[in-house]
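In listed order, ligands and their atoms are each counted from 1. Not measured: the values here are computed from a predicted model. We're numbering straight along the sequence, starting at 1.
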Amino acid sequence: MRLTPKGILFAALILLLFISVLTRLNSKENPADYQEYGQPAEPNEIIIITDTKEEVISMYNHRDKKLVKMPMEEYLTGVIAGEMPASYELEALKAQTVAARTLVVHQMPEYGGRGCNKHPDADVCSSYAHCQEWISRDQMRKNWGEDFENNLIKIQQAVQQTKGLIMTYNEKAIEVFYHSTSNGKTEEVSEVFSNPLPYYTSVDSTGDENAPMFEGSVTLTNRKFSEIFESRYGVKLDSDNLASQIKINSYTDSGRIRDITVGGKKMRATEFRLLYGLNSTDITFVFGKDSITMKTKGFGHGVGMSQAGANRMAQQGYSYKEILQHYYKGVEITHY
Ligand SMILES: [Zn+2]
């Protein structure tokens with residue numbers, strides 16, 4: 001075959017086109033540390049149709065240590081999936097969605113917030129211990145197995161049915177705290193976090209005692225308990241006589257311990273709880289011969305909505321608005 005100049009040009013063009021397609025396939029559309037979310041990762045991935053006018057949030061993902069951008073409602077789906085059992089009632093999931101949306105709006109710089117204070121440029125991070133949990137579709141699939149599609153649809157319903165709604169107080173997004181299970185009452189915010197806030201008072205949370213996370217317990221040998229304390233504070237405890245060295249100084253109105261003295265060192269129970277990895281600050285000590293057991297009621301700091309309590313209220317027929325207004329006093333539920 002003879003190649004004419006036209007033929008060579010044509011072949012070169014085809015080659016160029018082929019190379020450019022290959023390059024596109026291999027390159028990421030964004031810098032490695034900043035990726036857009038929402039592209040299906042697998043052929044059978046459920047494709048998310050997103051409203052282009054929708055609010056976009058930026059999240060620092062602790063799992064892959066990347067800052068990602070995604071539509072608000074897509075972000076919330078991952079939050080609810082990570083923060084609340086999908087088996088909970090729809091109204092409880094809706095209450096959780098409004099709480100989660102309020103948390104991020106409160107932090108977004110465009111609404112006067114300061115973002116996630118651990119990760120610059122992020123509105124929010126994916127850690128439950130800092131901002132709020134967020135999980136990916138892959139993680140949902142792992143967690144849920146064959147329930148994946150049904151659970152996802154249920155959570156997407158909760159997100160869509162509360163679209164754009166947040167809790168406000170004096171026309172501002174409130175600062176949101178919520179937890180897994182209370183000890184029967186929620187905690188005053190100033191007992192756990194620095195500032196008092198008018199919408200956080202201690203309220204009854206009935207039904208939490210039937211929740212699976214209600215009772216907890218940590219047992220340590222006396223020696224181990226003492227070692228942990230000494231390595232943190234440099235205070236040596238008499239391992240043979242722990243009962244005489246642990247003194248509860250005061251309780252909060254909700255029945256949790258406020259201050260405790262251990263080996264002469266006075267501290268907040270919230271700090272003590274973290275030191276020993278306890279579920280809550282509602283602690284009962286049981287002293288054995290060689291061991292100490294710390295029994296707890298409730299799971300979490302106790303401030304704001306109890307998720308178990310929200311589910312119980314939903315079972316009793318309360319709407320998500322009634323649930324929220326029970327746990328967050330005087331708030332309005334409105335579009336932001
Ligand atoms: Zn954060």
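- For residue Cys131, an N/O/S atom approaches the Zn ion (ligand 1) to within less than 2.8 Å.
- Under a 3.5 Å cut-off, the side chain of Tyr200 and the backbone N or O of Phe177 do form a donor-acceptor pair.
- The neighbour count for Phe193 CZ, taken as heavy atoms of other residues, nucleotides or ligands under 6.0 Å away, is above 12.
- Between His130 and Cys116, some side-chain heavy-atom pair lies under the 4.5 Å cut-off.
- Distances from the Zn ion (ligand 1) to the N/O/S atoms of His130 are shortest for ND1.
- For Cys116 atom SG and Cys125 atom SG, the angle they make at the Zn ion (ligand 1) is roughly 110°, to 10 degrees.
- Met59 has its side chain within reach of Tyr75: a pair of non-hydrogen atoms, C-beta onward, lies under 4.5 Å apart.
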